[in-house]
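Before any comments, here is the structure.
Values below: every heavy atom of this structure, side chains too, minus hydrogens, waters and symmetry copies. Atoms within each ligand, like the ligands themselves, are counted from 1 in listed order. These numbers come from a predicted model, not from an experiment.
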Amino acid sequence: MTHVKAAITGVFGYVPDYVLTNAELEKMVDTNDEWIISRTGIKERRILKGEGKGSSHMGAEAVKGLLEKTNTSPEEIDLLVCATTTPDFIFPCTANLICDMVGIRNIGSFDIQAACSGFVYALTLASQFIETGKYKKIIVVGADKMSAITDYTDRTTCILFGDGAGAVLLEANNEGYGLLDSIIRSDGVGLPHLNQKAGGSRYPPTHETIDQRQHYVYQDGQQVFKFAVKKMADCSAEIMEKNGLSGDDVAWLVPHQANKRIIEATANRMGVGMDKVMLNIQKYGNTTAATIPLCLWDYESQLKKGDNLVLAAFGGGFTWGTAYVKWAYSADNE
Ligand code: UT7
């Protein structure tokens with residue numbers, strides 16, 4: 001008997017128009033294009049400008065495009081899950097706002113916070129509702145406006161992040177396509193190495209927290225780098241072994257885009273050549289929960305029905321995770 005799986009049947013992305021180049025960053029902090037490219041692979045990133053626009057704006061644009069492209073009406077959607085670390089508000093959640101903006105009403109919608117692993121977490125969770133038969137069509141969004149929490153006087157972090165959103169449609173599939181397996185993990189040892197200290201319930205905003213610049217991302221890059229390389233590679237190797245996949249069986253590695261060197265290490269460990277690795281860090285930087293759906297959006301035209309994809313992510317928490325997806329359609333015969 002073939003079990004019902006959650007297949008990705010459409011993907012759409014949104015990035016803001018404004019391009020923040022390495023050259024512009026050189027004018028803001030003591031950095032240079034050569035350092036940024038050689039240490040991270042990033043050439044430029046997108047920044048959302050405009051009063052009153054948060055992550056929901058980008059998420060809603062991605063969802064609107066997805067509904068249109070897949071000929072799906074808002075009434076057909078059973079659930080919307082948004083992975084974000086930069087919600088518009090502490091509450092209500094960004095998923096509620098996105099639903100409102102695109103005319104999706106009377107369904108469950110909520111956010112998932114797993115930092116850069118958010119999309120893999122959200123995909124894992126959403127697929128359960130399809131596997132149990134409870135829901136037929138679910139939208140999973142990854143949306144982050146990292147520029148809202150980036151300190152543009154800190155050269156160690158401001159070169160890394162960008163804004164963007166991506167969304168996928170999940171539908172029930174009983175022909176063997178979809179999310180076939182996933183692993184999600186976390187370890188709270190990550191707190192001191194990657195965090196936004198103030199603004200939550202432990203350290204609510206005060207003049208002092210603002211003066212001390214505690215509403216921005218703090219990252220101990222080297223520590224995070226070490227964990228990221230190990231955990232992303234370990235867990236990708238684990239899911240391959242568990243599912244009897246060799247490097248040759250993997251059509252695409254879809255890695256979180258935090259640092260090109262972390263991506264290369266993961267691909268190397270999996271025995272997957274860089275020609276089979278989705279890479280768009282050079283143009284978008286690290287968009288947190290949006291990196292993986294933005295990669296799928298960028299590479300969609302090259303994907304074929306039956307391709308084995310391994311998604312892999314690592315982020316604050318620490319959180320990490322991987323997903324084995326059998327791609328459900330070829331772009332030319334959707
Ligand atoms: O997505 C969530 C998870 N996040 C990640 O996975 C990110 C993990 N970490 C990284 O990707 C890397 O650690 C960074 C890209 C953040 C930094 O690269 P690195 O190779 O670890 O550099 P470093 O922190 O060891 O710094 C090397 C040198 C230092 O100078 P000294 O002490 O050797 O004189 C830094 O001060 O580079 C200096 N530096 C810079 N120089 C020019 C740090 N930032 C910059 C900069 N431009 N922007």
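Note: His57 and Tyr14 meet the aromatic proximity criterion, with ring centroids under 6.0 Å apart.
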Q) Hey, mind stepping through Lys283 and Asp298 against salt bridge (Lys or Arg N to Asp or Glu O under 4.0 Å) and telling me if it holds? A) CA-CA 11 Å; Lys283 51 181 186 172; Asp298 272 351; 3.3 Å; yes
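Between Glu300 and Lys69, at least one side-chain nitrogen of the basic residue sits less than 4.0 Å from a carboxylate oxygen of the acidic one, meeting the salt-bridge criterion. Between Glu24 and Lys27 there is no salt bridge, since no side-chain nitrogen of the basic residue lies less than 4.0 Å from a carboxylate oxygen of the acidic one.
Near Gln222, with a cut-off below 4.0 Å to any heavy atom, the atoms of ligand 1 are 13 (O), 21 (O), 23 (P), 25 (O). Heavy-atom contacts of Thr31 reach the following atoms of ligand 1: 42 (C), 46 (C), 47 (N), 48 (N) (cutoff under 4.0 Å). Set against the non-hydrogen atoms of Thr40, the atoms of ligand 1 under 4.0 Å away are 15 (C). The ligand atoms of ligand 1 that sit less than 4.0 angstrom from a heavy atom of Ala258 are 1 (O), 5 (C), 6 (O). Close contacts between ligand 1 and Asn286 involve ligand atoms 1 (O), 2 (C) [criterion: under 4.0 Å to a heavy atom]. Close approach of ligand 1 to Arg261 (heavy-atom distance below 4.0 Å) involves ligand atoms 18 (O), 19 (P), 20 (O). Short contacts between ligand 1 and Arg39, defined as distances under 4.0 Å to a heavy atom of the residue, involve ligand atoms 19 (P), 20 (O), 22 (O), 27 (C). Atoms of ligand 1 found under 4.0 Å from any heavy atom of Val224 (numbered from 1 in listed order, with element): 3 (C), 4 (N), 5 (C), 6 (O), 8 (C).
Counting protein heavy atoms only, atom 48 (N) of ligand 1 is closest to Arg155 O, 2.8 Å. For atom 9 (N) of ligand 1, the nearest non-hydrogen atom of the protein is Gly221 O, 3.1 Å.
For atom 36 (O) of ligand 1, the nearest protein heavy atom lies closer than 4.0 Å. For atom 29 (C) of ligand 1, the protein comes within 4.0 Å by no heavy atom at all.
Considering backbone and side-chain atoms alike, His256 places an N or O below 3.5 Å from some N or O of ligand 1. In terms of polar-atom proximity, Thr156 is not counted as a contact of ligand 1, lacking any N or O under 3.5 Å from an N or O of the ligand.
Residue contacts with ligand 1, taken as heavy atom pairs separated by less than 4.0 Å, involve Phe225 via backbone and side-chain atoms alike.
One option in Asp154, Asp30, Ile36, Asn259 has a heavy atom closer to atom 14 (C) of ligand 1 than any other, and that option is Asn259.
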